[in-house]
Number of protein chains: 2
Amino acid sequence: MPLDRYDRQILDALQRDGALTNAQLSERVNLSASQCSRRRAALEAAGVIEGYRAKLDAGKLGLGIRVIVRVNLRTHGNSADSDFSAWIGRQPEVLSAFSVSGDADYVLHVRARDLESFSDFLHERLLLRPDISQVRSDFVLQTLKDSDALDLSDLGR
Amino acid sequence: MPLDRYDRQILDALQRDGALTNAQLSERVNLSASQCSRRRAALEAAGVIEGYRAKLDAGKLGLGIRVIVRVNLRTHGNSADSDFSAWIGRQPEVLSAFSVSGDADYVLHVRARDLESFSDFLHERLLLRPDISQVRSDFVLQTLKDSDALDLSDLGR
DNA sequence: ACTGAAACTTCTGACGT
DNA sequence: ACGTCAGAAGTTTCAGT
């Protein structure tokens with residue numbers, strides 16, 4: 001799918017504010033609302049726009065703690081990694097999880113209500129798994145940036 | 001702001017699909033559409049819903065590389081940390097940045113087109129800063145989970 | 001390819017329960 | 001507090017250039 005500069009502008013506007021109406025989009029992009037509507041629909045159909053999400057304020061919802069957890073497994077291959085992956089998917093306080101190069105096998109982003117509930121996750125669940133060999137927790141002290149907005153500046157024409 | 005189970009259901013539905021209409025919401029929550037509209041507006045006004053974002057497919061946009069970068073600064077206090085923080089805010093390939101406890105000072109999430117453009121970010125920009133003492137890059141090999149959806153299960157009544 | 005207007009869907013405020 | 005209804009706003013399809 002070829003993306004021109006109008007698509008790029010539409011994507012950039014929507015990743016910053018997904019609630020923009022086609023009429024509002026049309027002002028920023030200098031296109032008619034109907035054209036924005038069609039291009040937007042095409043970008044959604046192509047999967048370039050995966051979907052829309054409401055961003056919630058974790059602090060106001062009482063989720064005061066954010067932790068970056070690095071995990072090493074004792075064994076690898078076979079079903080070891082996929083077992084761990086499936087288990088991670090079922091843990092509600094794990095927002096994202098990656099397997100990485102470097103000294104850790106996995107990096108998890110965890111949100112919890114307070115130290116007690118994080119401790120519950122860590123000691124009563126993660127560390128009870130027999131396939132875990134090492135866990136290192138880095139508590140987030142300050143959030144400098146949390147946008148998730150992709151850099152679209154050097155994209156298509 | 002007190003949140004009852006209806007608010008909780010609305011928030012949970014919207015953080016998974018922010019494009020839901022109030023009519024669609026009303027089906028899942030068993031409330032009228034107008035009531036959903038009112039509650040949703042209240043949650044937005046209270047800042048519990050910070051906003052809406054379109055989630056884009058980074059792969060389809062040619063951003064093939066994701067790296068978790070851990071950074072240590074040479075000096076602290078004064079303006080050292082806030083200088084770094086402001087600089088981070090201006091780097092488009094840095095999606096999120098946290099100051100953390102543990103052996104690293106900062107953890108960054110970086111997206112880049114390819115190894116070459118990541119190398120450009122690393123060597124031509126980050127490592128040229130005189131306040132950097134150590135940088136360790138962990139490349140993301142596999143994404144197990146990437147939802148950012150908060151756990152709302154043990155919230156209000 | 002884009003625009004403009006018509007048909008349709010969704011939103012939202014007033015009112016009644 | 002919630003639901004119903006009607007007017008307002010936004011979206012989307014279609015014809016035209």
Side-chain angles (χ1 to χ4, degrees), chain A residues 1-57 60-62 147-150 152-157, chain B residues 1-57 60-62 147-150 152-157:
Chain A
M1 181 176 191
L3 299 177
D4 63 14
R5 78 181 185 88
Y6 289 117
D7 291 319
R8 198 186 60 69
Q9 280 187 277
I10 288 171
L11 291 172
D12 203 33
L14 288 176
Q15 77 173 341
R16 294 187 156 73
D17 185 359
L20 287 172
T21 68
N22 288 318
Q24 291 169 314
L25 256 185
S26 71
E27 294 173 13
R28 311 194 183 197
V29 180
N30 280 330
L31 239 75
S32 66
S34 56
Q35 192 63 4
C36 289
S37 170
R38 250 180 286 117
R39 282 173 177 268
R40 192 208 279 233
L43 291 165
E44 288 166 2
V48 178
I49 297 176
E50 289 179 22
Y52 299 86
R53 308 271 181 271
K55 191 175 183 189
L56 308 184
D57 186 321
K60 289 195 168 120
L61 291 165
S147 77
D148 275 27
L150 304 178
L152 267 35
S153 59
D154 62 340
L155 212 60
R157 62 224 64 172
Chain B
M1 182 174 189
L3 299 177
D4 62 15
R5 78 182 185 86
Y6 289 117
D7 291 319
R8 198 186 60 69
Q9 282 186 274
I10 288 172
L11 291 173
D12 204 32
L14 287 176
Q15 76 173 341
R16 294 187 156 74
D17 184 359
L20 287 171
T21 68
N22 288 318
Q24 291 170 315
L25 256 184
S26 72
E27 293 174 13
R28 310 192 183 199
V29 180
N30 280 331
L31 240 77
S32 68
S34 58
Q35 193 63 4
C36 288
S37 170
R38 270 191 291 256
R39 283 171 176 269
R40 190 207 278 232
L43 291 165
E44 289 166 3
V48 179
I49 297 176
E50 290 178 22
Y52 299 86
R53 308 271 181 272
K55 192 176 182 188
L56 308 184
D57 185 321
K60 290 196 167 118
L61 291 166
S147 76
D148 276 28
L150 303 178
L152 267 34
S153 59
D154 63 338
L155 212 60
R157 61 224 63 172

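Chain identifiers are assigned alphabetically (A, B, ...) following the order of the sequence lines, protein sequences preceding nucleic acid strands; residue numbering begins at 1 within each chain.
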field: Rounded distance (Å) that lies between atom C1' of C:dT10 and atom CD of B:E27
entry: 13 Å
- prompt: With no hydrogens and no angle check, is any side-chain donor or acceptor of B:Q24 less than 3.5 Å from a backbone partner on B:T21?
  reply: yes
Any side-chain heavy atom of [X] within less than 4.5 Å of one from [Y]?
{"X": "B:C36", "Y": "B:S26", "result": "yes"}
{"X": "A:L14", "Y": "A:L43", "result": "no"}
{"X": "B:L152", "Y": "B:R8", "result": "yes"}
{"X": "B:Y52", "Y": "B:E44", "result": "yes"}
{"X": "A:R39", "Y": "A:L31", "result": "yes"}
{"X": "B:N22", "Y": "B:L25", "result": "yes"}

query: Which residues, if any, of residues 38-46 of chain A bring a heavy atom under 4.0 Å of DNA chain C?
result: A:R38, A:R39
task: Using a cut-off of strictly less than 4.0 Å between a heavy atom of the residue and any atom of DNA chain C, enumerate the qualifying residues of residues 9-26 of chain B by number.
output: B:T21, B:N22, B:A23
- prompt: Where is the tightest heavy-atom contact between A:L20 and A:R28, given as atom of each residue plus distance?
  reply: CD2-NH2, 3.4 Å
- request: Looking only at non-hydrogen atoms, find the nearest pair between A:Q15 and A:D148 and report the distance.
  value: OE1-O, 4.4 Å
message: On DNA chain D, does the nearest nucleotide to B:A33 precede the nearest nucleotide to A:Q35 from the 5' side, or the other way round? Give the residue.
response: B:A33
- request: Start with the C-alpha distance between B:L61 and B:D57, add both sets of side-chain angles, then the distance that settles side-chain contact (heavy atoms from CB on, under 4.5 Å), and finish with yes or no.
  value: CA-CA 6 Å; B:L61 291 166; B:D57 185 321; 5.9 Å; no
task: Anything under 4.0 Å to a heavy atom of chain B counts; send over the first and last such nucleotide of DNA chain D, read 5' to 3'.
output: D:dC2 to D:dT4
